[in-house]
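Keep in mind that this is a model prediction, so the values were computed, not measured.
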Amino acid sequence: MMQTLLVRALLVGVLTVATTGLARAQEAPIKFGKIDEADLTDKPFVADSAASAVVLCDFGRSHFEYGPKGFIVVFERIRRVKILKKSGYEYATGQVSLYHANGQEEKLTTLKGFTYNLVNGQVVKEKLNSESMFKEEKTTNITIRKFTMPNVRVGSVVEYAYTIGSDFAFNFQDWTFQEDIPIRRSEYRASIPEYFDYRMLMQGYEPLAVQEQTESTGQFTIAYSGSGNGYTGVRTAGGSETLTPRQTNHRWVMQNVPPLREEPYMTTTNDYVARIDFELAGVRLPGQAYQVVAGSWEKIDSELLTDDEFGTQLNRAGFLKDQLTPLLTAAGADPAARLAAVHGLVRRSVKYNGQSRLMATTTVRRAFDQKTGSSADVNLLLIAALREAGFAANPLVLSTRSQGRLQPESPMLNRLNYVMAHVALPDGQEVLLDATDELAPYNMVPSRCLNGQGRLVLPEAQKSRWIDLKPKDRLTSYRQVTMALDENGGLRGSVHQEHAGYLALAQREKLRELGEKKYVAELGANHEGWTIPKYTFKERDELHKPLTLEYEFVSSGEANAPVGTVYLNPLRDFGMDKNPFLHENRRFPVDLGSQLEETVLVNLTLPAGYELAEIPQGLIMELPEKGGRFTYGVQSGPTGVQLVSRLTLSKPVYSAEEYTYLRAFFARLMAKQGERLVIKKKV
């Protein structure tokens, strides 16, 4: 839809262009082929010593020219990287993504590069050669050009530059200021004539050192090879026309950008990396009315519902009638039981192949016959089956956590990569269903889908809307431990444990993968000195119930004779083994996906003649604004000790401002769970 503006040019010409303004005239921060010899030594890189490489400068600029098919976007880039360690060799490989569609394409017009090394005090440079360049077809519309710089070693500086000419104004080059290695300077410039209206979205947590915007006058001189009135109707005797649009020149600079590291409980670095994205909203070419280019969610809704790989599949489950009828009869009138019956049929019939997709790869009938398919194949079949069963079922489209958070203010079809089922019940309840997880109950939203909002796509007679992707399930675990200590320091006991919600799903998947015997063997290996002679699993196939495991364990003492003092740390065996929040600071949210509840109850029987030397102090902690609670208590009786540890995290997402409290909360929790019980023989 966006390509149409580019073929509206009534003219075919060649370009003579002159532009003025800050973004073009100001001196570039880097000049290809001329490096600072100091960058080839180790001295300037003390601050980056932990990194495998460092970007010395990354400079890009985009501007418009006029080519044979109309306006084109020209993108130029120069990138220079210092290799600090062998693990940084990967940064000596570059790649360029080129888009093509409908007979038009982006072209890599220039590509050049050098590797610089300091040899015997002299700078030696080696040129990038064609044998190190490769071509890869990533998708039907995207080609990747890859290249690897020659003679790279620790201490090398690699530099490459390239230019792209693009027929697609809607594909204006975005820019990323931050990576997983440090960046000394990242600068992007864009010169945009008044004919093109772009939305610009800046994201990330790093500050801009420079943000400038100036106005200038562009000049595009077009020579015609055919007849026509031109853009303005004013043509010279030689058959040319000059356009002088107002031009906006942008300049953004970041300096000393720290690497963006992967941390526990984050969605994807794409949600937090410092970057600027461009979206073409509209075009007003000379002598023409403003043409809206940016899509709308309403238009996307309509396109999806009429697409053969999406909407037209939603009413094609008539072939399931004979299988659905007995299942629905057995389920009775209860909506929950009927939903579970339909969900169970689809879940058992078509296995998810691990591919997250928005559009079907085949028809719902063929997916059913093949018994395998993508997430779209599975869930579009689920929606169709629910409709066949009489439910008001519709698709809910979204972006998964690994792809990045959806921006409702930016309607773009390519931001969507997943579809689920939404059912509106007569009593006003709404249920989200997904049949990709074979061991999940019917109403559990996959954790990969807990990512902001999804869009409920309704028939045209109704109004589509946004729905928060909030989990109804939690990460829940409960352990009740009964153990007896003997005078040699050995332990014997039993454990009753239950995993519910998302933790039940994870443990059921692990149990299916390993089998009961290996599952229990791995469990015993996590407890030093343990053997597990007897165990029983319960509710393995009752997916809406907690997965239960009951087992007995034995741990022999280290001595063959009675010991005077025994040190025990039972919560270390059943609680958390480490604090997930190691870094002192965090600039983005902690996204758990769901709430968490963990309870451990330990009843310890002491041998005759022994006692608890000192009762540890209890502890009650709470996070601000009822964000969580931890309680720890110890009670000592005449024959034994009882310990109780309860952790509740009542929010699925904690802001960056709450991180300090959360980190301190877990530090105290781990310290308390790490306290040992000192058990001594009575004197």
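Taking the ring centre of F368 as origin, the terminal cationic atom of K371 falls inside the region bounded by 6.0 Å and 45° from the ring axis.
Between D301 and S464, the side chains place a donor N or O and an acceptor N or O closer than 3.5 Å (distance only, hydrogens not considered).
The CD atom of E309 sits 10.0 Å away from atom CG of L380, with the distance rounded to the nearest 0.5 Å. In this structure, CG on L432 lies 9.5 Å from SG on C449, to the nearest 0.5 angstrom. To the nearest 0.5 Å, atom CG of residue D277 and atom CD of residue Q203 are 6.5 Å apart.
A salt bridge is defined here as a Lys NZ or Arg NE, NH1 or NH2 lying under 4.0 Å from an Asp or Glu carboxylate O, and R275 with D174 meets this definition. No salt bridge links E409 with R199; every basic N to acidic carboxylate O contact stays at or beyond 4.0 Å.
Listed by first then second residue, pairs satisfying salt bridge (Lys or Arg N to Asp or Glu O under 4.0 Å) with a partner in residues 347-367 read R365-D369, not counting sequence neighbours. Counting only residues at least two apart or on different chains, the salt bridge (Lys or Arg N to Asp or Glu O under 4.0 Å) pairs with a member in residues 468-478 are R474-E597.
Y89 is linked by a ring pair (Phe, Tyr, Trp, His ring centres under 6.0 Å) to nothing, counting only residues two or more places apart in sequence or in another chain.
Of the possible polar contacts, one joining the Y654 side chain to the G627 backbone as a donor-acceptor pair under 3.5 Å is found. Side-chain atoms of D434 do not come within 3.5 Å of backbone N or O of M444 as any donor-acceptor pair.
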